[in-house]
There are 2 protein chains.
Amino acid sequence: MESSISQTEENYLKAIYKIQERASKPASTNAIAAAMSTSAASVTDMIKRLSEKDLVNYERYRGVTMTKDGQRIATTLIRKHRLWEVFLVEKLDFSWDEVHDIAEQLEHIQSAELIERLDEYLEFPRFDPHGDPIPDADGVFTHRKQVLLGEMSANEVGVIVGVQDHTSDFLQYLDRMELTLGTEIKLLEKYAYDDSVKILLSNDKEIVISKKVSQHLFIQKEFLEK
Amino acid sequence: MESSISQTEENYLKAIYKIQERASKPASTNAIAAAMSTSAASVTDMIKRLSEKDLVNYERYRGVTMTKDGQRIATTLIRKHRLWEVFLVEKLDFSWDEVHDIAEQLEHIQSAELIERLDEYLEFPRFDPHGDPIPDADGVFTHRKQVLLGEMSANEVGVIVGVQDHTSDFLQYLDRMELTLGTEIKLLEKYAYDDSVKILLSNDKEIVISKKVSQHLFIQKEFLEK
DNA sequence: ACATATTTTTAGGCTAATCTAAAAATTTAT
DNA sequence: ATAAATTTTTAGATTAGCCTAAAAATATGT
């Protein structure tokens with residue numbers, strides 16, 4: 001009897017997974033509370049329940065790490081979320097800044113068959129509309145060599161492949177600047193004064209972007225994409 | 001401030017709507033309890049809450065009827081359910097006996113924009129894979145003149161346009177018998193002994209079907225479909 | 001190292017949705 | 001029309017998930 005898991009529990013697992021992705025330390029109660037927009041007390045409550053179900057490892061005052069079972073649930077959620085985002089953008093013509101909230105709901109639909117058929121229908125995409133990798137059915141992510149635009153040097157070239165910041169404001173800014181995924185760029189100059197950079201776009205336009213923007217754009221150097 | 005409505009509340013409203021569809025009397029507590037597979041006590045509880053929100057009219061011991069607001073929520077759910085069923089069958093290649101449970105979850109996704117875009121993507125279907133009408137965005141159902149096969153007389157012709165029984169067993173039986181939607185049939189003979197009927201299919205096969213089956217198949221007489 | 005600040009947990013309560021058992025109202029049958 | 005059967009409601013509990021306030025544990029700064 002595989003004890004069923006609630007949407008709320010799923011959301012906690014996803015949050016914990018994402019926190020652990022960056023920090024290799026256990027996820028702290030406060031970090032989880034912040035991610036879930038809830039109180040630390042509620043997090044402690046939930047952690048105990050998840051621990052009871054062996055989805056996380058918990059030692060009080062020591063934070064939580066994920067078990068294999070917990071990780072599997074989290075990566076499946078991420079897989080579903082990102083596949084639905086592809087569907088919304090590719091098939092229903094939503095723009096990349098509109099899909100997050102809907103995918104947040106769709107990711108909780110329970111049907112392994114559904115998600116495998118959706119994957120096939122979408123022709124097995126490996127990245128979502130924001131350039132984030134879509135894990136396969138075993139939870140394995142495609143790895144891609146990428147750097148932040150802000151870390152590149154003058155005269156280096158590359159292709160925009162992802163974003164760090166998923167807010168509507170940022171995505172809409174990128175649309176207006178024609179800095180969409182797949183755009184080839186060349187870094188022309190870095191201005192030490194404010195760390196802004198001048199880049200050349202494939203349409204021959206030259207634009208200057210702020211440090212902040214340059215630190216939120218992932219670039220794949222050269223054009224090795226076969 | 002439109003007080004939000006839970007999935008559970010939505011499911012109750014849909015159940016009440018479907019009960020009221022057939023009987024013009026108020027829906028009884030027991031009928032709702034049966035439809036929701038829950039206890040009468042739970043239904044009374046929920047009815048009070050729905051009544052508080054003006055989604056149903058409730059007088060104790062007198063059953064419930066729906067308000068305009070309640071009806072709107074119910075028909076929107078039915079619209080979403082049926083559109084998702086079309087999607088699952090037409091795009092993801094599910095068969096008509098596999099889609100109910102998944103659509104039961106998908107119908108609760110909250111986004112008016114999503115459902116309108118889905119409708120467009122599916123090219124505004126007016127019937128779902130079982131032949132049930134899909135209400136428009138205003139909750140209006142397409143009306144179709146149809147009779148049960150069991151109500152037809154010898155030598156009458158028509159097209160299979162819907163089913164009364166949505167169980168997998170029945171739908172799979174129809175698949176095996178090639179009695180799918182759109183099939184043209186001619187009623188050859190009725191056997192008074194057990195009310196079974198012999199019909200002629202478009203592929204020139206003659207088959208005999210039981211009373212039970214004949215009472216679960218909707219037929220549109222002649223071929224007036226433009 | 002020890003006082004202070006921070007983080008985490010515990011304690012106690014709330015709400016939505018459920019349950020069972022018992023009471024009340026309504027319907028049916030004689 | 002009144003007793004019996006049925007339906008519906010009430011009463012009282014339970015669980016998941018949340019809250020605030022207070023207590024306990026850990027971390028930090030001098």
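As a basis for the values below, the full set of heavy atoms in this structure was taken, side chains included, without hydrogen atoms, waters or symmetry mates.
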Take the protein atom [atom1] of [X] and the nucleotide atom [atom2] of [N], then report the distance between them rounded to whole Å.
X       : N      : atom1 : atom2 : value
A:Met36 : C:dT8  : CE    : C1'   : 18 Å
B:Tyr12 : C:dA16 : OH    : C1'   : 11 Å
A:Arg60 : D:dA27 : CZ    : P     : 13 Å
A:Asn11 : D:dA16 : CG    : P     : 17 Å
B:Ile47 : C:dA17 : CD1   : C1'   : 14 Å
A:Glu10 : D:dA16 : CD    : C1'   : 15 Å
A:Glu9  : D:dT15 : CD    : P     : 15 Å
A:Asp45 : C:dT9  : CG    : P     : 11 Å

Exercise for review: Under the side-chain contact (heavy atoms from CB on, under 4.5 Å) rule, what do A:Val56 and A:Ile16 come out as? Steps first, then yes or no, please.
Suggested key: CA-CA 9 Å; A:Val56 299; A:Ile16 295 167; 4.2 Å; yes

Taking 4.0 Å as the cut-off, does a side-chain nitrogen or oxygen of [X] come that near to OP1 or OP2 on [N]?
X       : N      : result
A:Thr38 : D:dG17 : no
B:Lys48 : D:dT9  : no
B:Ser42 : C:dC19 : yes
B:Asn30 : D:dT6  : no
A:Ser28 : C:dT7  : no
A:Tyr58 : C:dT8  : no
B:Arg49 : C:dA16 : no

Can you figure out which of [options] approaches the side chain of [X] most closely?
X       : options                : value
A:Met46 : D:dC18, C:dA17, C:dT8  : D:dC18
A:Ala41 : C:dT18, D:dG17, C:dT10 : C:dT10
B:Tyr61 : C:dC19, C:dT10, D:dT9  : D:dT9
B:Ser39 : C:dT26, C:dT20, C:dT8  : C:dT20

Looking for any heavy atom pair under 4.0 Å, which part of the strands does [X] touch: base, sugar-phosphate only, or nothing?
X       : answer
B:Thr44 : base
B:Thr8  : sugar-phosphate
B:Thr29 : sugar-phosphate

Closest to the 5' end of DNA chain D, once A:Arg62 and A:Gln7 are matched to their nearest nucleotides, is A:Gln7

I'd like to know whether B:Arg126 forms a side-chain contact (heavy atoms from CB on, under 4.5 Å) with B:Asp136, so could you lay out the CA-CA distance, the side-chain angles of the two residues, the decisive distance to 0.1 Å, and finally the verdict.
CA-CA 8 Å; B:Arg126 291 190 302 144; B:Asp136 67 20; over 6 Å; no

Quiz item: Would the B:His100 and B:His81 ring centres measure less than 6.0 Å apart?
Solution: yes

**Asked** Would you say the ring centroid of A:Phe141 lies under 6.0 angstrom from that of A:Phe127?
**Response** no

So, do A:Ile102 and A:Trp84 sit near enough that their side-chain heavy atoms are less than 4.5 Å apart? no

What do the steps show when you test B:Gln20 against B:Gln71 for side-chain contact (heavy atoms from CB on, under 4.5 Å), and what is the final call?
CA-CA 10 Å; B:Gln20 286 228 277; B:Gln71 270 172 42; 5.9 Å; no

